[in-house]
**Student:** 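I have a structure here, written as structure tokens, and I will follow up with some questions on it.
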There are 2 protein chains.
Amino acid sequence: MSETKDRPYHHGDLRRALICTALDMLAADQNWTFTLREVARRTGVSHAAPYKHFQDREMLLRELARIGFVRLGEAMTGAMSSDAPSTRAQFTAAAQACIGFACHNPGLYRLMFSSDADKTIDPPLHDAAMATFGILLRLLENGQRDGSFRPVAISAQAAASWAQVHGLAMLAISHQLLEEKVGPAPIPAALDVLLDGMCRNA
Amino acid sequence: MSETKDRPYHHGDLRRALICTALDMLAADQNWTFTLREVARRTGVSHAAPYKHFQDREMLLRELARIGFVRLGEAMTGAMSSDAPSTRAQFTAAAQACIGFACHNPGLYRLMFSSDADKTIDPPLHDAAMATFGILLRLLENGQRDGSFRPVAISAQAAASWAQVHGLAMLAISHQLLEEKVGPAPIPAALDVLLDGMCRNA
DNA sequence: TCCTCCATGTTTACAGGAGAAACTTATGCA
DNA sequence: TGCATAAGTTTCTCCTGTAAACATGGAGGA
């Protein structure tokens, strides 16, 4: 136990450290069955320490989900900022960024949309989710303004594209987009089918 | 303990009884955090009895998911069989049946697509999921054959519509289709946007 | 008819986990 | 300087999953 000397009684930034450990474990086994005690153990603190920062296990999960939405938003914004030739191309880039994020962080993505990440009882989480949804909404508004998207009720296009992207992401990480069923490149193909219905020059 | 007299030592059909109890609990609190002990308790049997029928807790969950896929398939088939005027209308009916099923069985639906229902290690579950997917596929084939759907690669349309329907279902049961964001009737609206991209007479 | 096998139950046991309560440490501030 | 308090730790209780050993009773053969 030589490390007892190294570590001061107070961790300094335990909250952040716990989150990092939990994110690592989430990434490692792609689910959030990890126990709070294991998180504490790996972070090198007692099993009761986390309760000083998170009311219970679910509150930690919701914080992870919130971070997930923030990162997803960054990924989508980053993909869009690349100089795309058209709004349609920008849409495709954002959608693929979202699906890519899900594929690289399947556990986190699943958590974000699971019932363990209950947005109705966690305003910061709700806000983060809505902010990410806002990115999509603004994209559609741009598309309608510049005339590349059909002037349908924007809410219909929003629901359709959000569902499409989210559905593709979920199916992808569930390994249900098997080539035998949906062809070799289902994601761009599916997005094109949707965009044919949303864009003017179909 | 007067009931000790009533109940014979051997239950008779414990496997089915456990499944019913578990389905009830899943429906009641919309998640599958229930414990195997609680299921046994409510079924009126010792906490170790379930292990005679299910290797572990996850195997019971996968069986529930399998049943879910069967019932979902029945719901979709039932909705389609109603004399719809067109393949497009039939598609809408099946899609809404799927989303309706999800909304009426949110816990079960979530379980079906969760990582706890791992289809790669459970052939019966995998088969049930694929059979349900097959319903959609045959519908698209019909649509292309009768000329109402565009003659695009069927796998692209399959991926698009599967993702769309699944995405709408997931968002709906996550209460993320708020009127302020996606309008008053997002589901038919979103389906129409997709169908505009899939059908000939857009 | 009776006996034995075995699927299906039960009881007991154990290693963990969630979370509460009481206790300890060190730190910032009056 | 000294205390209030945030942030750790220890200890405790109740619960879970699951294994192992034991009990029961129904079906099939002597």
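These numbers come from a predicted model, not from an experiment.
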**Student:** To the nearest angstrom, how far is B:Leu18 atom CG from C:dT8 atom C1'?
**Tutor:** 12 Å

**Student:** With a cut-off of 3.5 Å and sequence neighbours excluded, list every side-chain donor-acceptor pair involving residues 165-180 of chain B.
**Tutor:**
unit_1: B:His166; atom_1: ND1; unit_2: B:Tyr109; atom_2: OH; d: 2.8
unit_1: B:Ser174; atom_1: OG; unit_2: B:Arg110; atom_2: NH2; d: 2.9
unit_1: B:Ser174; atom_1: OG; unit_2: B:Met170; atom_2: O; d: 2.9

**Student:** B:Asp56 has an atom CG; how far is it from atom C1' of D:dG17, in whole Å?
**Tutor:**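 Rounding to the nearest Å, CG of B:Asp56 and C1' of D:dG17 are 9 Å apart.
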
**Student:** Which heavy atom of B:Cys103 sits nearest a heavy atom of B:Pro106, and at what distance?
**Tutor:**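 Closest pair (atom of B:Cys103, atom of B:Pro106, distance): O-CD, 3.4 Å.
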
**Student:** Output the rounded distance in Å from CE (B:Met59) to P (D:dT18).
**Tutor:**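 After rounding, the reported distance stands at 13 Å.
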
**Student:** Please name all residues satisfying side chain to side chain contact (heavy atoms under 4.5 Å, CB included) with A:Asp13, sequence neighbours left out, ordered by chain then number.
**Tutor:** A:Arg16

**Student:** How long is the line joining CG of A:Leu60 and P of C:dG17, in whole Å?
**Tutor:**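 Going from CG in A:Leu60 over to P in C:dG17 covers 15 Å.
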
**Student:** For a quick test of your reading: what N or O donor-acceptor pairs under 3.5 Å do the side chains of residues 131-144 of chain B make, sequence neighbours left out?
**Tutor:**
unit_1: B:Thr132; atom_1: OG1; unit_2: B:Phe69; atom_2: O; d: 3.0
unit_1: B:Thr132; atom_1: OG1; unit_2: B:Ala128; atom_2: O; d: 3.1
unit_1: B:Asn142; atom_1: OD1; unit_2: B:Arg145; atom_2: NH1; d: 3.1
unit_1: B:Gln144; atom_1: NE2; unit_2: B:Arg150; atom_2: O; d: 3.2
unit_1: B:Gln144; atom_1: NE2; unit_2: B:Val152; atom_2: O; d: 2.8
unit_1: B:Gln144; atom_1: NE2; unit_2: B:Gln157; atom_2: OE1; d: 3.0

**Student:** Any side-chain N or O of A:His47 under 4.0 Å from OP1/OP2 of D:dT11?
**Tutor:** no

**Student:** Starting at atom CZ of A:Phe54, determine the distance to atom P of C:dG19, rounded to an integer number of angstrom.
**Tutor:** 13 Å

**Student:** In whole Å, what is the span from the CZ atom of B:Arg57 to the C1' atom of D:dG17?
**Tutor:** 9 Å

**Student:** Going by side chain to side chain contact (heavy atoms under 4.5 Å, CB included), name the residues that satisfy it together with A:Arg15, two or more places apart in sequence or in a different chain.
**Tutor:** A:Ile19, A:His53, A:Phe54, A:Glu63

**Student:** Tabulated below should be each protein N or O lying under 3.5 Å from an N or O of nucleotides 13-15 of chain D; please produce it.
**Tutor:**
none

**Student:** Whole angstroms only, please: what is the NE2-C1' distance between A:His53 and D:dA6?
**Tutor:**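 Interatomic distance, NE2 of A:His53 to C1' of D:dA6: 9 Å.
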
**Student:** Under the 6.0 Å and 45° cation-pi test, does B:Arg57 pair with B:Phe34?
**Tutor:** yes

**Student:** Give each protein N/O atom lying under 3.5 Å from an N/O atom of nucleotides 5-7 of chain C, with the pair distance.
**Tutor:**
none

**Student:** Which of residues 20-34 of chain B have a heavy atom under 4.0 Å from DNA chain C?
**Tutor:** none

**Student:** Once you round it to whole Å, what is the distance between P of D:dT18 and CG of B:Leu36?
**Tutor:**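 The distance from CG of B:Leu36 to P of D:dT18 comes to 7 Å, rounded to the nearest Å.
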
**Student:** Return whichever of B:Ser46 or A:Gln55 has its heavy-atom-nearest nucleotide of DNA chain C closer to the 5' end.
**Tutor:**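 Residue closer to the 5' terminus by nearest nucleotide: B:Ser46.
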
**Student:** Considering heavy-atom distances to DNA chain D, does B:Glu58 or B:Lys52 have its closest nucleotide positioned more toward the 5' end?
**Tutor:**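 Whichever sits nearer the 5' end wins; that is B:Glu58.
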
**Student:** Output all residues satisfying side chain to side chain contact (heavy atoms under 4.5 Å, CB included) with A:Ala48, sequence neighbours left out; order by chain, then residue number.
**Tutor:**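 For A:Ala48 the side chain to side chain contact (heavy atoms under 4.5 Å, CB included) partners, ignoring immediate neighbours, are A:Ser46.
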
**Student:** Show every salt bridge (charged side-chain N to carboxylate O under 4.0 Å, His left out) that has at least one partner inside residues 25-53 of chain A, sequence neighbours left out.
**Tutor:** A:Glu38-A:Arg41, A:Glu38-A:Arg42

**Student:** In chain order, what residues pass the side chain to side chain contact (heavy atoms under 4.5 Å, CB included) check against B:Ala40, with sequence neighbours excluded?
**Tutor:** B:Val45, B:Pro50

**Student:** What residues form a salt bridge (charged side-chain N to carboxylate O under 4.0 Å, His left out) with B:Glu58, not counting sequence neighbours?
**Tutor:**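 Partners of B:Glu58 under the salt bridge (charged side-chain N to carboxylate O under 4.0 Å, His left out) test: none.
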
**Student:** Without placing hydrogens or testing angles, list every side-chain donor-acceptor pair under 3.5 Å for residues 111-125 of chain A, not counting sequence neighbours.
**Tutor:**
unit_1: A:Ser114; atom_1: OG; unit_2: A:Leu111; atom_2: O; d: 3.0
unit_1: A:Ser114; atom_1: OG; unit_2: A:Asp116; atom_2: N; d: 3.0
unit_1: A:Asp116; atom_1: OD2; unit_2: A:Trp32; atom_2: NE1; d: 2.7
unit_1: A:Asp118; atom_1: OD1; unit_2: A:Thr120; atom_2: N; d: 2.9
unit_1: A:Asp118; atom_1: OD1; unit_2: A:Thr120; atom_2: OG1; d: 2.6
unit_1: A:Asp118; atom_1: OD2; unit_2: A:Thr120; atom_2: OG1; d: 3.4
unit_1: A:Lys119; atom_1: NZ; unit_2: A:Met112; atom_2: O; d: 2.9
unit_1: A:Lys119; atom_1: NZ; unit_2: A:Ala117; atom_2: O; d: 3.0
unit_1: A:Asp122; atom_1: OD1; unit_2: A:Leu125; atom_2: N; d: 3.2
unit_1: A:Asp122; atom_1: OD2; unit_2: A:Arg62; atom_2: NE; d: 2.9

